[in-house]
Amino acid sequence: MSFHTIIEPFRIKVVEPIRMTDRAEREALLGAAGYNPFLLKAEDVIIDLLTDSGTGAMSAEQWAGMMRGDESYAGARSYYRFFDAVHDIFGFSHVLPVHQGRAAERILFSTVCHPGDVVPNNTHFDTTRANVEHVGAKAVDLPIPQGRQPASTHPFKGNMDVDALRVLIAEVGRDKVPLVMLTVTNNSGGGQPVSMENVKAVSAVCKEHGLPLFIDACRFAENCWFIREREKGYADRPVIEIARELFSYADGATMSAKKDGLVNIGGFLATNDPALAKQEATLLILTEGFPTYGGLAGRDLEAIAVGLREVLDHDYLRYRITSTAYLGKHLTKIGYPIVQPPGGHAIYVDAAGLLPGVPPQEYPGQALVCELYVAGGLRAVEIGSVMFGSTDPRTGREMPASMELVRLAIPRRVYTQSHIDYVIEVMAQVYERRERLKGLRIVWQSPPLRHFTARFEPIAKAAS
Ligand SMILES: *Cc1c(COP(=O)(O)O)cnc(C)c1O
């Protein structure tokens with residue numbers, strides 16, 4: 001690159017206005033929403049960093065593809081275009097469309113898992129874990145130790161601990177392990193990538209034991225870009241080739257196309273095993289739809305087919321990863337403790353480190369999320385004791401989560417650099433006021449997954 005400035009590699013053809021609000025208005029809105037930003041109306045948010053899932057902007061080519069959608073019930077042209085794109089990049093011979101990632105998970109695990117089985121993963125995403133547990137199996141996370149240390153700058157913190165995988169298989173016996181999964185990038189571990197070397201090593205262990213390896217492929221393109229940037233031997237390879245190599249070590253994949261499919265809805269389940277594909281198709285018909293549409297419209301399949309190619313564009317990926325790193329770099333400069341290095345799709349702030357005066361029982365992550373909204377209309381999500389805190393069955397007391405994080409997820413192709421500069425400015429102001437932030441208490445909740453609907457009130461600080 002001959003210039004220092006990396007621009008958004010697109011022009012804007014359609015715009016959506018952002019409604020501006022002031023601090024007093026936002027205080028009232030947040031109070032009415034029970035201090036839970038999930039309960040805010042989206043139009044009352046200025047910059048929405050709640051999730052990168054399904055929130056991206058589609059391209060002109062994708063919208064054009066939508067018009068070409070073939071809505072035939074069976075054997076639609078759109079299915080074949082979708083199949084060709086998935087097959088070309090991922091290489092799998094059987095591809096079932098589904099309405100989103102968790103549908104693929106439900107079909108896969110209810111086909112291959114039995115009660116008492118164990119499914120290892122670098123780190124299960126929450127819906128993945130829930131679907132494994134729903135069929136009575138156990139979801140085990142095996143990240144490398146650096147993956148659990150926010151400050152570690154290991155280049156592939158998403159890697160699986162291969163020795164721990166061997167130990168686990170030896171302990172429970174290979175017959176209890178229906179498959180091994182790798183999540184790329186590791187969402188719950190901070191959007192951190194998995195190296196090709198690690199994929200190969202995990203695949204070798206699987207082959208040794210005759211176990212299938214499945215990839216949770218939600219952010220495969222971002223992961224492959226990190227491989228190109230950070231792993232020896234890949235600097236000159238096109239990302240599509242890196243992706244083909246990565247999936248060549250696997251036997252199947254689940255995918256939420258709401259992430260690196262660059263669409264607002266959709267996903268797929270892929271495998272090379274014809275017998276498994278048959279069983280999965282039976283379940284798909286039962287709950288999602290005929291195997292050539294799987295609960296999606298023909299136009300959705302077209303948008304995925306185009307999106308899967310656009311997401312592998314080097315200019316797009318350079319901009320994507322650079323803009324996430326840009327936010328991370330500036331927050332670090334301000335003084336925010338964040339999960340290092342910045343991941344692909346989000347920045348994770350360590351709220352416990354930022355707010356040492358707010359104990360876990362008073363939800364430091366939620367306190368920060370609320371202040372970000374009141375200060376500048378930003379919406380982020382708490383990933384800490386509100387989301388993962390659990391009640392000790394013996395004492396009835398609440399046990400905090402292992403980390404108190406706040407995630408700022410960046411939608412794809414939606415915000416420009418000035419939007420991100422605004423986020424940085426708001427967060428600089430919040431940083432200055434950090435000692436005045438108050439904790440919260442829950443006044444209403446409905447477990448499990450209480451974070452979506454819980455209501456809070458601020459705890460008045462005792463005068464000291
Ligand atoms: C989003 C996500 C899923 C689930 O996909 P949905 O489309 O939300 O159902 C599974 N795994 C990972 C890693 C994800 O990020």
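Atoms within each ligand, like the ligands themselves, are counted from 1 in listed order.
- Taking any N or O of Thr183, backbone or side chain, none lies under 3.5 Å from an N or O belonging to ligand 1.
- Under the 4.0 Å criterion applied to side-chain N and carboxylate O atoms, Glu245 and Arg237 are assigned as salt-bridge partners.
- Annotation: side-chain contact (heavy atoms from CB on, under 4.5 Å) contacts of Gln100 (sequence neighbours excluded): Arg102, Lys258, Ile265.
- Looking only at protein heavy atoms, the nearest one to atom 11 (N) of ligand 1 is Asp216 OD2, 2.7 Å.
- Screening residues 268-285 for side-chain hydrogen bond (donor to acceptor under 3.5 Å, both in side chains), with sequence neighbours left out, gives Ser93-Asn272.
- Counting only distance, with no hydrogens or angles, the side chain of Asp260 and the backbone of Ala217 share no donor-acceptor pair below 3.5 Å.
- In this structure, Lys157 forms no cation-pi arrangement with Tyr348, as its terminal cationic atom is not both closer than 6.0 Å to the ring centre and no more than 45° off the ring axis.
- Protein heavy atom at the shortest distance from atom 2 (C) of ligand 1 is Lys259 NZ, 2.3 Å.
- Comment: Glu222 engages Arg412 in a salt bridge, judged by a side-chain N to carboxylate O separation of less than 4.0 angstrom.
- At a 4.0 Å cut-off, at least one heavy atom of Cys218 sits close enough to ligand 1 to count as contact.
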Salt bridge (charged side-chain N to carboxylate O under 4.0 Å, His left out) assessment of Arg129 paired with Asp141: CA-CA 9 Å; Arg129 168 175 293 277; Asp141 294 339; 3.1 Å; yes

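- Considering only non-hydrogen protein atoms, atom 10 (C) of ligand 1 sits nearest to Glu105 OE2, 3.1 Å.
- For atom 8 (O) of ligand 1, the nearest non-hydrogen atom of the protein is Arg102 NH2, 3.0 Å.
- Counting only heavy atoms of the protein, atom 7 (O) of ligand 1 lies nearest to Ser256 OG, 2.6 Å.
- Remark: ligand 1 and Lys258 share no N or O pair separated by less than 3.5 Å (distance only, no angle test).
- Between Gly101 and ligand 1, at least one pair of N/O atoms sits closer than 3.5 Å.
- Of all protein heavy atoms, the one lying nearest to atom 4 (C) of ligand 1 is Thr127 OG1, 3.4 Å.
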